[in-house]
Asks: 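I'd like to ask some things about the structure below.
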Amino acid sequence: QVRLVESGGGLVQPGGSLTLSCAVSGISLNNQAISWFRQAPGKEREGISCISSDDGSTYYADSVKGRFTISRDKPKNTVYLQLNGLKHDDTAVYFCATDRRAWCSGRYPLSEYDYWGQGTQVTVSS
């Protein structure tokens, strides 16, 4: 059974940093791309980053580019998202999900994602 479990969220001050983890089981990072999404209260879920399984290429939404970094540890079947320079607008529940494709396109159609984690809360507050 495929399972994704996010961790690492918490309360942080503006300008602070967090590292989110997505532990994956039931699938291999060699086969599917993994993406990070976030959803703030009252807003739509949006894709913010993706890492391809074939060559490890990465993509970022404009809102996080230059501040967030996605990476992976294949032996641990874990994908990370390093959040730097956090802003109030970054407050959201962060989810990881597996794309049925092996590569990232720079867009995040929800219909392509079959499995989701439960989410981890990131709150940026002064």
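In this chain, numbering begins with 1 at the start of the sequence shown. The figures that follow rest on heavy atoms only: side chains count, while hydrogens, waters and symmetry mates do not.
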Asks: Can you tell me how far CD of Q118 sits from CG of L4, rounded to the nearest 0.5 angstrom?
Replies: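 Those atoms lie 9.0 Å apart.
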Asks: Supply the atom-to-atom distance I27 CD1 to R100 CZ, rounded to the nearest 0.5 angstrom.
Replies: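 It is 12.5 Å, given to the nearest 0.5 Å.
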Asks: Test R67 against D90 for side-chain contact (heavy atoms from CB on, under 4.5 Å), laying out the working first.
Replies: CA-CA 11 Å; R67 298 187 298 123; D90 295 320; 2.7 Å; yes
Asks: Do Y60 and L18 share a hydrophobic cluster (ILVMFWY, side-chain heavy atoms under 4.5 Å, transitive)?
Replies: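 Y60 clusters together with L18.
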Asks: Would you give the length of the straight line joining atom OG1 of T123 to atom NE2 of H88, rounded to the nearest 0.5 angstrom?
Replies: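 Atom-to-atom, T123:OG1 and H88:NE2 are 10.5 Å apart.
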Asks: Residues two or more places apart in sequence or in another chain: which of them pass side-chain hydrogen bond (donor to acceptor under 3.5 Å, both in side chains) with T69?
Replies: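 Partners of T69 under the side-chain hydrogen bond (donor to acceptor under 3.5 Å, both in side chains) test: none.
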Asks: Can any side-chain N or O of R3 pair as donor or acceptor with the backbone N or O of A23 at less than 3.5 Å?
Replies: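 Looks like no, no N/O pair under 3.5 Å.
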Asks: From E46 CD over to F95 CZ, what is the distance, rounded to the nearest 0.5 angstrom?
Replies: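 Between E46 CD and F95 CZ, I get 12.0 Å after rounding to 0.5 Å.
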Asks: Counting only heavy atoms from other residues, nucleotides and ligands, does the tally under 6.0 Å from NZ of K87 exceed 12?
Replies: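 Check fails, neighbour count at 12 or below.
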Asks: Look only at the side chain of Q13 and the backbone of S126, and say whether a donor-acceptor pair between them is shorter than 3.5 Å.
Replies: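 Pair absent, no side-chain N/O of Q13 close to backbone of S126.
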Asks: Just checking, is any N or O donor in the side chain of T78 or S21 under 3.5 Å from an acceptor N or O on the other one?
Replies: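 No.
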Asks: Going by heavy atoms in the side chains, are V64 and R38 under 4.5 Å from each other?
Replies: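 SC-SC contact between V64 and R38 confirmed.
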Asks: What closest approach, in Å, do Y113 and A97 show between heavy atoms, and which atom pair accounts for it?
Replies: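 For Y113 and A97, the tightest heavy-atom pair comes out as CD2-CB, 3.6 Å.
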Asks: Between Q39 and A92 (side chain of the first, backbone of the second, donor and acceptor by atom type, cut-off under 3.5 Å), is there such a pair?
Replies: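 Not confirmed, Q39 side chain does not pair with A92 backbone.
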Asks: Take W36 and I51 through the side-chain contact (heavy atoms from CB on, under 4.5 Å) test and state the conclusion after the steps.
Replies: CA-CA 9 Å; W36 284 95; I51 185 165; over 6 Å; no
Asks: Go through the steps for N84 and S17 under the test side-chain hydrogen bond (donor to acceptor under 3.5 Å, both in side chains), then give the verdict.
Replies: CA-CA 4 Å; N84 297 322; S17 299; 2.9 Å; yes
Asks: With side-chain contact (heavy atoms from CB on, under 4.5 Å) as the test, would you mind laying out the steps for R45 and W116 before giving the verdict?
Replies: CA-CA 12 Å; R45 188 171 300 186; W116 296 80; 3.3 Å; yes
Asks: Report yes if the side chains of W103 and S57 come closer than 4.5 Å at any heavy-atom pair, otherwise no.
Replies: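 Side-chain contact under 4.5 Å: no.
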Asks: Is it the case that the side chain of S52 and the backbone of A33 share a donor-acceptor pair, with hydrogens and angles ignored and the cut-off at 3.5 Å?
Replies: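 No; judged by distance alone, with no hydrogens or angles, the pair does not exist.
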Asks: Within a strict 4.5 Å, meaning less than it, do heavy atoms of the V124 and P14 side chains meet?
Replies: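 The answer is yes, as the side chains (C-beta and beyond) meet within the 4.5 Å cut-off.
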Asks: Once rounded to the nearest 0.5 Å, what's the spacing between atom OH of Y80 and atom OG of S49?
Replies: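 Rounded to the nearest 0.5 Å, the OH-OG separation comes to 15.0 Å.
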Asks: L29, V5: one ILVMFWY side-chain cluster at the under-4.5 Å cut-off?
Replies: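 No.
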Asks: Let me confirm one number: the OG1-CG distance from T19 to L83, rounded to the nearest 0.5 Å.
Replies: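 Going from the OG1 atom of T19 to the CG atom of L83 covers 8.0 Å.
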Asks: Look at the side-chain heavy atoms of Ile, Leu, Val, Met, Phe, Trp and Tyr, link any pair under 4.5 Å apart, and say whether F68 and I34 land in one connected group.
Replies: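 Same hydrophobic cluster.
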Asks: Under the criterion side-chain contact (heavy atoms from CB on, under 4.5 Å), I'd like the reasoning laid out for Y94 against I48: C-alpha separation, chi angles, the key distance, then a yes or no.
Replies: CA-CA 10 Å; Y94 285 71; I48 57 173; 3.6 Å; yes
Asks: Within the structure provided, determine whether D73 and S71 are in side-chain contact (heavy-atom separation under 4.5 Å).
Replies: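 With C-beta onward as the side chain, the pair stays apart.
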Asks: Under a 4.5 Å side-chain heavy-atom rule over Ile, Leu, Val, Met, Phe, Trp and Tyr, are L86 and L20 clustered together?
Replies: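 They do share one cluster, since a chain of ILVMFWY contacts under 4.5 Å joins L86 to L20.
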Asks: Membership question, hydrophobic clusters at under 4.5 Å side-chain separation (ILVMFWY): are L11 and V93 in the same one?
Replies: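 No; L11 is not reachable from V93 via cluster members.
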